[in-house]
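To start, the structure under review is shown below, and the notes come after it.
Chain letters run A, B, ... following the sequence lines, proteins first, then strands; residues in each count from 1. Only a predicted model underlies this, so the values are computations on that prediction, with no experimental measurement involved.
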2 protein chains.
Amino acid sequence: METVAERAGVSRALVSLVMNDSPKVSDERRAAVLRAAKDLGYRRNLHARNLAQQRTQTFGILINDIHNPFFAEVVAGVEKAAADHDYDVIILNGGRDPERERRAIETYLQFRVEALVLIGPRLSDAELRHAARDVPTVVVAAGGNFPSTDTITTDDIAGTRLAVEHLVGLGHRDIVHLDGGNNISADVRRQGFVEAMNRCGLDGRIITGGDSGEQAAPAIKELLASKPRPTAILAFNDLLAAGVLSALSDTGVDVPGDISVVSIDNTFIAALGHLSLTAVNQPRWEMGAMAVATVLDRIGDQTSTDEEPGGTPPVASATHQSLAPNLVVRKSSAPPRTGAQ
Amino acid sequence: METVAERAGVSRALVSLVMNDSPKVSDERRAAVLRAAKDLGYRRNLHARNLAQQRTQTFGILINDIHNPFFAEVVAGVEKAAADHDYDVIILNGGRDPERERRAIETYLQFRVEALVLIGPRLSDAELRHAARDVPTVVVAAGGNFPSTDTITTDDIAGTRLAVEHLVGLGHRDIVHLDGGNNISADVRRQGFVEAMNRCGLDGRIITGGDSGEQAAPAIKELLASKPRPTAILAFNDLLAAGVLSALSDTGVDVPGDISVVSIDNTFIAALGHLSLTAVNQPRWEMGAMAVATVLDRIGDQTSTDEEPGGTPPVASATHQSLAPNLVVRKSSAPPRTGAQ
DNA sequence: TTGTAAGCGTTATCAC
DNA sequence: GTGATAACGCTTACAA
């Protein structure tokens, strides 16, 4: 910067003003500075800037597994909303490992990100509360596991109900939920399934699944051996549903002729033509956008709190927002074969 | 830090030493400092550190589209290899938009990342050469589009040949390549297909596809109307292949009974049980690891160049490494029906 | 082993 | 408009 200033025949401060395109610089000087900068290949140092400015204009977003197609859209929502408010976003990958998540959060904190968006974190509520003490934090898509942090979730109770009512509406009565095992949202979805079935005056069966396709085959095998054979299956997520489709077709069971399949999440997998899964859609993009809105609120709160001498509590209690899911009907669901039961 | 030093009754420098766990600090002082730090909730400022240290220990990785399942594994490879060498990795998303890519690279440069890994960038070679002047850069999975930058690719010529030879070995003679349109690797794959077919003494037909599933349907419709109907299709990538499967089953064509389908990439989509695509596998994890090895080489070169006064050329010419693909046989390919032709 | 002091590259304040 | 000058929070010789 020094060098640029010299070459342009101005002071260092002037260069700074130009780099931040302040209005109070004469056009000629500005041009001179810009030219000098270009000639010298000058590029401002973000660290120095952040240090001097005492802020980073950056949000950190932690995804728990970069392989999961669920996250992409949430990230896109966060990025867009953040950009609209002049924030940068950097992504760290938790790799399904709590330890890596911890390190990532620590990195973000040392980095002085101004907010943290955690997508499906594996950390405990307590740990997170501790980490989040220092920066506005919001958890996206992690069921009800984080009472002490702001969260954004899709209403899984409503989602499973949508699925069940769709199936019941088609005429299904014997519906099985292939659950998510000990996965993060599995509990709520199980509960939602049971409630929805009861509400329809039905008993719902639940069998253990998981969150990946391979876990479907054994479960389905067992299920088909049981009697009566159900006419519809609600799978924990798209991947599991894909596994179900595969297991069923291996066994010669027609979907949706013999059995209807509905899944939850509606990632692009559900939309793959060959699968064409009827699925409960989570508004992922909106969840991302809402996450940003939430942390921006917190940032605003903090600021005003700082200003008023009164001494309001440092943080308002955690908010838990849930978004309404909707059902996307595709080809994997249909009325049960008449007399099939 | 000042405060921590005071509370621990030591100097600021000592605190710094402790934070970087230098060996030359007495255990008692170290303990005192650590306690003070914890009490005060002290957390070092990475920007200050990077500034003072004149290095960031960080690589930047730019993915062109966070939705594409192809990238996840590459990123994983980069992360692992980088971590092994004590580098952090931050991810920015190009969002399929050259302008965003430009901004992301500029951000990385201002951030003073020590190397750049670009996965499937959309930028032009010229632009990239310009940007990469200042930092070791490697392009992963972008065909032969970047002559002036180090690149890591899978040998698509070999890959398509693997696919063709597999099909020919099964007895197929009339094979159609549903190509990637103007997508980044489409040219090489087209070329590889033609060469491999010729090598087998066959003529390959090529029809226009794209890189997403929807683009398959019209192409397949046209294809089935043509005669003779081919017995096998090589699709540009997994998504397109999924579209092909869907289009074929809509038309009542059995896979692999009537037509075999082979795809390229072998992302998790190909492995979905219901699709079960025979696919040419790109060693994505290894590509990521190799990318790191490559930039580490460059970093090493730079350093030694700095040391020797002689004045060797600033950069050796770009290297272009290609990895061998392999074929993963699943259920979508089989011998042609006897007499089907 | 510990402390002192000089940067690191910006921004910000305030006279001019 | 412009230019000194003091932070910003840390690392790192060098001295003690």
What do the steps show when you test B:R44 against B:N20 for side chain to side chain donor-acceptor pair (under 3.5 Å), and what is the final call? CA-CA 10 Å; B:R44 77 168 158 222; B:N20 296 303; 3.0 Å; yes
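- A:L46 has its side chain within reach of A:R49: a pair of non-hydrogen atoms, C-beta onward, lies under 4.5 Å apart.
- If you take CG of A:L14 and C1' of D:dG1, they are 8 Å apart, rounded to a whole angstrom.
- What separates CZ of A:R29 from P of D:dG1 is a distance of 11 Å, to the nearest Å.
- For A:Q110 and D:dC8, the CD to P distance is 20 Å, given to the nearest whole Å.
- Note: NZ (A:K24) to P (C:dC14) measures 12 Å, nearest angstrom.
- Comparing D:dC8, D:dG3, C:dT2 against the side chain of A:Q54 picks out D:dC8 as the nearest.
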Ring pair (Phe, Tyr, Trp, His ring centres under 6.0 Å) between B:Y108 and B:F59, worked out: CA-CA 9 Å; B:Y108 277 138; B:F59 291 157; over 10 Å; no
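- When the C1' atom of D:dA7 is taken as reference, atom CG of B:L51 falls 13 Å away, rounded to whole Å.
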Between protein and nucleotides 10-16 of chain D, map the contacts as a letter string: B base, S sugar-phosphate only, - none, heavy atoms under 4.0 Å, written 5' to 3'. BBB----
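- For the pair B:R55 CZ and C:dG7 P, the computed distance is 22 Å after rounding to whole Å.
- Aromatic ring orientation, B:H47 versus A:H47: tilted (interplanar angle from 30° to 60°).
- Atom CG of B:L40 and atom P of D:dG9 are 14 Å apart (whole Å).
- Classification of A:R298 and A:D150 as a salt-bridged pair holds, one side-chain N sitting under 4.0 Å from a carboxylate O.
- B:L128 CG to B:R133 CZ: the interatomic distance, rounded to the nearest 0.5 Å, is 12.0 Å.
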